[in-house]
Protein chains: 2
Amino acid sequence: MAQDFSKPAVTVDVVIMTLRDDDLHVLLIKRDHVPYRGRWAIPGGFVHLNESLEAAARRELKEETGVTDVYLEQLYTFGDPRRDPRGHVISVAYIALVPEPLAVKGGSDAREARWWSIQQLPPLAFDHARIVDYALTRLRYKIEYSAVGFRLLPETFTLSDLQKAYEIILAEPLDKRNFRRRIIEAAVIEPIDEVRSGEGRPARLYRFRPDAVAEVKARRLFP
Amino acid sequence: MAQDFSKPAVTVDVVIMTLRDDDLHVLLIKRDHVPYRGRWAIPGGFVHLNESLEAAARRELKEETGVTDVYLEQLYTFGDPRRDPRGHVISVAYIALVPEPLAVKGGSDAREARWWSIQQLPPLAFDHARIVDYALTRLRYKIEYSAVGFRLLPETFTLSDLQKAYEIILAEPLDKRNFRRRIIEAAVIEPIDEVRSGEGRPARLYRFRPDAVAEVKARRLFP
DNA sequence: TCAAAAGTGTTTGTGGTACACCCATGG
DNA sequence: CCATGGGTGTACCACAAACACTTTTGA
């Protein structure tokens, strides 16, 4: 793609996160062009003319994972002129939460793509380490006052699944009874008429209530 | 300025807010070029090549108000390709909080610029009404868990000044004793050895503690 | 019948909210 | 001495946190 650098260029980059093997994972692709050839990077690309930012983000998401209907949120816009050695490239970063470790559909080109534990990332291209870090901070913050956590789970799940997801994201254990009480009282999920059997007592399955208010404002004044 | 539209252009637009006459005000400039000639707009302009976004925002801020050392925060990036009739123009919006109704230093050109009450804004150019609306939402939200409110006040202020600022922003009355207790306990301000006299009993003056933690995270899980 | 995970209530403490009167100064 | 805004403490309530045992199933 020929680039002209008479004004800044704009990319979208998407931090695609999921839960896998009891750990939060990020999808990275191995770059096959300079700069940072061979380095891992979060998926992204230039915004097309007359394409909205969200459309560009969804396009990248679909190219890398094949998924189309997932949670997507604008994270922050990174505009340091030195962040890309090719010239001034502004990156509008997004967070995507995908509900399960969907098969990584390789892009149209044969780029290597895989999930990495957010605890053990390889060196990343550009300022992508900073972007991932910022995404994790935002996710941790947001999960406490909104219902985004559910977006990392499949359509039906048990309360233990949900608690485990929260514990993974927050990186700390939660009390089972308090957790259940709060989730139930928040009325963001509803039981369905099924259970899941496995080792031990079968667990009731729940689903997210699509009509639930996703976000609640807190009155605090610096708690 | 000649524009080329082979790829999206990028502007920064700054919602500059202050407190004036017991009301939250926004600085608007009257456009003297098409499109939206004669309409009011928030200050902004194209990002220069090799200029960071924050530098561009501070440049606009200085051009319009002359102030240099104020609170500035990235708000959101608006990228709908139809938001500017000239073509695809992406706007990275910022919020600036200025501590008092500084004299509006006219820009280098003789554009008209003035403060408008956020309650009674004129019709705005582009999607700027939406941007201002979003800025107000963010400010209201943020003032509850961080110390940004102080950035709208002069260096020294009374507790009544501060409470009034909060009441104006939140558009609701606050209890005087509870407000004072919380602010004091948060340890974000400190008294100075002066009082301000006026009608009634003189009031102790305070200043913001620059070493105070500006933001505190709350544990909630959908309250 | 044992292992493994699901499910369930109560107590205690902390923080939020509501609320009314005296104080210091200037005119 | 009066008007004006500044400054202060307590009681109640609601929500958050800590905590242990019983239930249900499959092997």
Side-chain angles (χ1 to χ4, degrees), chain A residues 19 21-22 141 143-146 149 153-154 156-168 170-207 213 216-223, chain B residues 19 21-22 141 143-146 153-154 156-168 170 172-207 213 216-223:
Chain A
L19 291 173
D21 306 332
D22 294 351
Y141 185 78
I143 202 178
E144 306 238 342
Y145 66 88
S146 80
L153 294 175
T156 65
F157 49 85
T158 68
L159 288 176
S160 297
D161 290 342
L162 186 58
Q163 182 176 348
K164 187 183 270 184
Y166 273 79
E167 289 176 333
I168 291 168
L170 297 172
E172 60 183 300
L174 300 173
D175 179 85
K176 182 158 68 162
R177 280 171 290 189
N178 293 337
F179 180 81
R180 287 171 183 237
R181 186 185 319 112
R182 261 177 268 176
I183 293 290
I184 298 296
E185 282 172 2
V188 287
I189 60 174
E190 58 192 7
I192 62 172
D193 211 21
E194 280 177 69
V195 292
R196 180 201 295 163
S197 295
E199 244 181 331
R201 175 174 171 178
R204 159 136 266 111
L205 284 168
Y206 290 79
R207 71 175 162 217
V213 263
V216 186
K217 191 174 155 193
R219 159 56 51 91
R220 310 221 112 218
L221 287 178
F222 345 108
Chain B
L19 290 172
D21 307 330
D22 295 350
Y141 186 77
I143 202 178
E144 306 236 343
Y145 67 89
S146 80
L153 294 175
T156 66
F157 49 85
T158 68
L159 287 176
S160 296
D161 290 343
L162 186 58
Q163 182 176 347
K164 188 184 270 186
Y166 272 80
E167 289 177 333
I168 290 168
L170 297 173
E172 60 183 301
L174 299 174
D175 179 86
K176 181 158 69 163
R177 279 172 291 190
N178 294 337
F179 180 82
R180 286 170 185 238
R181 185 185 318 112
R182 262 178 266 176
I183 294 289
I184 298 295
E185 283 172 2
V188 286
I189 61 174
E190 59 192 7
I192 62 172
D193 211 21
E194 280 176 70
V195 292
R196 180 200 295 164
S197 294
E199 246 181 330
R201 174 175 170 178
R204 159 137 266 111
L205 284 168
Y206 290 80
R207 70 174 163 219
V213 263
V216 185
K217 192 175 154 191
R219 160 58 49 91
R220 310 223 111 216
L221 288 179
F222 347 108

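In what follows, every chain begins at residue 1, and chains take the letters A, B, ... in the order their sequences are listed. Side-chain atoms are counted along with the backbone in the values below, which use heavy atoms only and exclude waters and symmetry mates.
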Return the value, rounded to whole Å, for the distance between atom [atom1] of [X] and atom [atom2] of [N].
X         : N       : atom1 : atom2 : value
Lys176(B) : dT8(D)  : NZ    : P     : 10 Å
Asn178(B) : dG7(D)  : CG    : P     : 16 Å
Phe179(A) : dG9(C)  : CZ    : C1'   : 18 Å
Leu162(B) : dG7(D)  : CG    : C1'   : 15 Å
Ile183(A) : dA17(D) : CD1   : P     : 13 Å
Leu174(A) : dA16(D) : CG    : P     : 14 Å
Arg182(A) : dT8(C)  : CZ    : P     : 17 Å
Glu185(A) : dA17(D) : CD    : P     : 13 Å

Evaluate Leu159(B) against Arg204(B) for side chain to side chain contact (heavy atoms under 4.5 Å, CB included), listing each step before the verdict.
CA-CA 8 Å; Leu159(B) 287 176; Arg204(B) 159 137 266 111; over 6 Å; no
Which one, dT25(D), dG7(D), dG7(C), comes nearest to the side chain of Ala203(B)?
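Within the option list, the nearest is dG7(D).
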If I compare all heavy atoms of [X] with all of [Y], which pair ends up nearest, and what's the gap?
X         : Y         : result
Ala165(B) : Leu19(B)  : CB-CD1, 3.4 Å
Lys176(A) : Gln163(A) : CA-OE1, 3.6 Å
Thr158(B) : Leu205(B) : CG2-CD2, 3.9 Å

Given DNA chain D, 5'-ward residue of the pair Tyr206(B) and Gly200(B), judged by closest heavy atom:
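Its nucleotide being nearer the 5' end, the pick is Gly200(B).
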For dA17(D), does OP1 or OP2 lie under 4.0 Å from any side-chain N or O of Arg177(A)?
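So the side-chain polar atoms of Arg177(A) never come under 4.0 Å of the phosphate oxygens OP1 or OP2 of dA17(D).
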Would the number of heavy atoms belonging to other residues, nucleotides or ligands and lying under 6.0 Å from CZ of Arg180(A) be above 12?
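More than 12 within 6.0 Å, yes.
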Counting only distance, no hydrogens or angles, is the base of dA3(C) paired donor-acceptor with the side chain of Arg201(A) under 3.5 Å?
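Looking at the base of dA3(C), it does not pair with any donor or acceptor on the side chain of Arg201(A) (distance under 3.5 Å).
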Look at the side chain of Arg181(B) against the base of dG9(D) and say whether a donor-acceptor pair falls under 3.5 Å; ignore hydrogens and angles.
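Side chain to base: pair present.
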Looking for any heavy atom pair under 4.0 Å, which part of the strands does Ser197(A) touch: base, sugar-phosphate only, or nothing?
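The residue Ser197(A) makes no contact with any strand.
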Just to be sure I understand the rule, does Arg204(A) reach a base, reach only the sugar-phosphate, or reach nothing, if contact means heavy atoms closer than 4.0 Å?
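If one applies the 4.0 Å heavy-atom cut-off, Arg204(A) turns out to touch the sugar-phosphate alone, with no base involved.
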